[in-house]
Amino acid sequence: MKTTKSQRQKLLSLKKREEFLLVQNKGKKWVSETVIIQTMPNDIGPSRIGFTVSKKISKSAVTRNRIKRRLRAAAADIIGVKGKSGHDYILVGRAKSETVSYEQILKDLKWCLKRLELLA
RNA sequence: UUUGGAAACCGGAUAGUCGCUGCUGUGCUUAGGCGCAGGAGAGGAAAGUCCGGACUUCACGGGAAAACGGCGCCGGAUAACGUCCGGGGGUGGUGUGUGAAAACAUAUCAUUACGGAUAGUGCUGAAGAAAUUUAGACUACCUGCUUUUGCAGGAAAAGGUGAGAAGGUGCGGUAAGAGCGCACCGCGGCUGCUGGUAACAGGGUCGGCAUGGUAAACCCCGCCGGAAGCAAAACCAAAUAGGGGCUGCGUUUAUGAUGUUCCCGCAUCUGUGGCCCGGGUAGGUUGCUUGAGGUAAGUGGUAACGCUUAUCCUAGAUGAAUGGCUAUCGAGAAGAAGCGUGCUUCUUUGAACAAAAUCCGGCUUACAGGUUUCCAAAAAGC
């Protein structure tokens with residue numbers, strides 16, 4: 001799964017708390033073993049993406065950061081290449097996200113997108 | 001060489017590929033921005049947020065006191081500290097010497113929240129006869145009375161209880177005893193004596209010397225402290241609502257106010273459009289990393305640390321970058337086999353704690369493994 005920069009669409013990041021709450025309350029949701037995805041269309045054109053790893057998953061900041069970085073890398077590989085543009089995404093980490101293989105995260109993420117009918 | 005302790009330091013490596021955030025140079029773009037190249041990018045604790053500062057805003061004429069909070073042997077280091085260094089005292093252990101013992105001297109190690117208990121108040125369980133008051137007679141002791149059980153008195157030397165029973169040892173003394181007397185040791189007060197900057201140590205002198213412990217109990221004494229914190233703070237500043245100024249239009253039909261005490265009339269405002277101004281929210285920029293800075297050499301100091309010269313620039317994010325994946329190597333761990341019994345080979349596993357958030361100095365807590373130095377003990381060799 002190697003992609004170059006030119007093949008990817010630009011992904012902006014979600015920053016405000018209201019935007020997160022909007023997607024969480026109004027958006028569609030699909031749960032897999034390693035990742036939970038929430039999404040809804042936006043009006044601005046390019047896709048935006050945000051990550052949530054709560055303290056319930058792990059009390060260690062090191063672990064939470066690692067989960068966030070793995071999800072960010074997976075999102076760039078999957079959503080950046082195959083996801084529909086013009087949507088807001090939130091990826092929620094789970095406890096298994098740190099230890100499971102990277103291939104498994106990619107697979108779960110793709111499956112979630114397919115179920116939400118967002119594969120381009 | 002092994003084990004234990006102390007201190008200092010390090011705390012996975014290399015390559016490929018795909019990315020992220022600043023910086024420098026450069027190209028394009030009206031601008032926002034988009035490319036290309038180069039180079040940089042988590043810790044010893046970044047953690048806990050427990051102390052001390054720098055810095056910022058607010059308050060404030062200066063000083064003092066009260067209240068509240070903190071600190072507390074002495075000297076030094078420092079920007080400062082509750083930190084660090086050196087010293088003193090106390091307590092405990094060990095070795096040596098003196099001694100009958102108690103104890104003292106000396107060396108060394110550890111530890112210490114170490115101002116005041118004679119300013120006052122409070123508390124002091126259980127056990128024990130008696131626990132702080134010039135106390136106390138349970139057993140044993142001595143004297144007298146009594147026939148035995150016992151009664152009266154003397155007495156803190158012995159036993160028992162306890163953390164602690166009011167100095168210890170010896171001699172004298174006595175009915176038995178007791179600092180009752182004496183010697184040595186210990187203790188307390190005083191000291192314009194000696195050494196030391198000082199804490200303190202030593203000496204002298206007085207007292208036969210019950211009057212304890214607790215101040216991380218109240219309290220007393222001395223010293224220190226204005227408050228909040230980078231989400232501090234400064235600047236730029238959209239939309240909406242509201243405020244002020246100028247001005248155009250409209251209306252005396254209605255409401256009220258003012259000029260004006262009442263009536264009438266008139267004017268202005270209360271209506272609405274435009275422009276401008278200031279406060280201020282979202283958002284943005286600055287603060288933001290050159291600093292009580294690092295490294296090296298010299299130098300002063302027992303040390304903490306200081307001084308001089310040279311040289312270097314080393315993260316700056318903000319839903320929060322500093323990475324994802326793959327391969328190789330790997331300190332180490334577990335298991336099996338072989339024999340030379342601590343080595344070899346094979347298999348499996350594959351690195352602790354923990355991630356900056358304005359910046360420094362400390363403290364505390366977490367931490368697999370490794371390196372160096374010093375100390376102690378044991379074994380081997382000489």
>> Just confirming the chi classification of B:G35, syn or anti, using 90° around 0 as the syn window.
In response: anti

>> When both hydrogen-bonding distances must be under 3.5 Å and the geometry is Watson-Crick or G-U wobble, what is B:U94 paired with, if anything?
In response: B:A107

>> Side chain of A:Phe20 only, heavy atoms from C-beta on: which candidate in B:G319, B:A355, B:G324 is closest?
In response: B:G319

> So, for A:Leu22 and A:Met40, which heavy atoms are closest and what is the spacing to 0.1 Å?
Replying inline: O-SD, 3.8 Å

>> Need the pair for B:A327. Rule: Watson-Crick or G-U wobble, both distances under 3.5 Å, any strand; none if unpaired.
In response: B:U14

> Is there a Watson-Crick or G-U wobble partner for B:U272 with both distances under 3.5 Å, and if so, which one is it?
Replying inline: B:G248

> Can you tell me how far P of B:C325 sits from CG of A:Leu71, to the nearest Å?
Replying inline: 11 Å

> How far, in whole Å, is B:A67 from B:G62 if one measures between their P atoms?
Replying inline: 24 Å

> Which way is the base of B:U314 turned, syn or anti, if we draw the line at 90° from 0?
Replying inline: syn

>> Roughly how many Å apart are B:A40 and B:G69, using the C1' atom of each and rounding to a whole number?
In response: 47 Å

>> Go nucleotide by nucleotide along RNA chain B from the 5' end; which of A:Val62 and A:Val100 gets its closest nucleotide reached first?
In response: A:Val100

>> Return the pairing partner of B:U308 with a 3.5 Å limit on both distances, Watson-Crick or G-U wobble; otherwise return none.
In response: B:A297

> In whole Å, what separates the C1' atom of B:C359 from that of B:C230?
Replying inline: 10 Å

> Just by modelled atom types, is the A:Lys28 backbone N or O under 3.5 Å from a matching donor or acceptor in the A:Thr39 side chain?
Replying inline: no

> Does B:U289 adopt a syn or an anti glycosidic conformation, taking syn as a chi angle within 90° of 0?
Replying inline: syn

> Under the criterion salt bridge (charged side-chain N to carboxylate O under 4.0 Å, His left out), which of A:Lys107, A:Lys96, A:Arg94 is the partner of A:Glu33?
Replying inline: A:Lys96

>> Using Watson-Crick or G-U wobble geometry with both distances under 3.5 Å, which nucleotide pairs with B:A238?
In response: none

>> Distance check needed: B:G319 P versus A:Asp88 CG, whole Å only.
In response: 16 Å

> Looking only at atom P, what distance separates B:C141 and B:G212, rounded to whole Å?
Replying inline: 36 Å

>> Using the side-chain heavy atoms of A:Thr52, tell me which of these nucleotides is nearest: B:G319, B:G324, B:A355.
In response: B:G319

> Considering only the C1' atoms, how many Å lie between B:A7 and B:A327, rounded to the nearest integer?
Replying inline: 42 Å

>> Say we look at B:A267 and B:G250: how far apart would their P atoms be, to the nearest angstrom?
In response: 14 Å

>> If I pick the C1' atom on B:A257 and the same atom on B:U240, what distance separates them, to the nearest angstrom?
In response: 31 Å

>> What verdict does the side-chain contact (heavy atoms from CB on, under 4.5 Å) test give for A:Tyr102 and A:Asp77, after you've listed the backbone C-alpha separation in whole Å, the side-chain angles of each residue and the deciding distance to 0.1 Å?
In response: CA-CA 11 Å; A:Tyr102 185 65; A:Asp77 278 346; 3.0 Å; yes

> If you take all heavy atoms of A:Ala75 and A:Leu91, which pair is closest and at what distance?
Replying inline: CB-CD1, 3.9 Å

> Looking only at heavy atoms, what is the nearest atom pair of A:Arg72 and A:Phe51, with distance?
Replying inline: CA-CZ, 3.4 Å

> With a 4.0 Å cut-off on heavy atoms, is A:Arg69 in touch with a base, just the backbone sugar-phosphate, or nothing at all?
Replying inline: base

> Rounding to a whole Å, what distance do you find between A:Arg64:CZ and B:A356:C1'?
Replying inline: 15 Å

>> Going by the glycosidic torsion and a 90 degree boundary from 0, is the base of B:G44 oriented syn or anti?
In response: syn

> Once you round it to whole Å, what is the distance between P of B:A320 and NZ of A:Lys68?
Replying inline: 7 Å

> With sequence neighbours left out, what residues match A:Val62 under side chain to side chain contact (heavy atoms under 4.5 Å, CB included)?
Replying inline: A:Ser60

> Counting only Watson-Crick or G-U wobble pairs whose two distances fall under 3.5 Å, which nucleotide matches B:G72?
Replying inline: B:C221

Report all interatomic pairs (protein N or O, nucleotide N or O of nucleotides 365-367 of chain B) with separations under 3.5 Å.
none

> If the P atom of B:U139 is compared with that of B:C151, how far apart are they to the nearest Å?
Replying inline: 10 Å

>> Just confirming the chi classification of B:A42, syn or anti, using 90° around 0 as the syn window.
In response: syn

> Say you draw a straight line from OG of A:Ser97 to CZ of A:Arg69; how long is it, rounded to the nearest 0.5 Å?
Replying inline: 13.5 Å

>> Restricting to side chain to side chain contact (heavy atoms under 4.5 Å, CB included), what partner residues turn up for A:Ser54, sequence neighbours left out?
In response: A:Lys56, A:Ile57

> Taking atom C1' of B:A320 as reference, at what distance in whole Å does atom CG of A:Asn65 sit?
Replying inline: 9 Å

>> It should be established whether A:Arg66 places a side-chain nitrogen or oxygen under 4.0 Å from OP1 or OP2 of nucleotide B:C325.
In response: yes

>> Tell me which nucleotide, if any, is Watson-Crick or G-U wobble paired with B:C55 when both distances must be under 3.5 Å.
In response: B:G229

> Could you state the interatomic distance from CD1 (A:Ile78) to CG (A:Asp108), rounded to the nearest 0.5 Å?
Replying inline: 10.5 Å

>> Rounded to whole Å, how long is the line connecting atom CG of A:Asp77 with atom C1' of B:G324?
In response: 8 Å

>> Checking base pairs now: Watson-Crick or wobble, both atom distances under 3.5 Å. What partners B:C346?
In response: B:G335

>> Expressed as a whole number of angstroms, how long is the span from A:Lys15:NZ to B:U318:C1'?
In response: 8 Å

> Side-chain N or O of A:Arg72 less than 4.0 angstrom from OP1 or OP2 on B:A320?
Replying inline: yes

>> Please pick, from B:G324, B:A355, B:A320, the nucleotide with the shortest atom-to-atom distance to any side-chain atom of A:Tyr102.
In response: B:G324

> Starting at CD1 of A:Ile79 and ending at P of B:C18, how long is that distance when rounded to a whole Å?
Replying inline: 22 Å

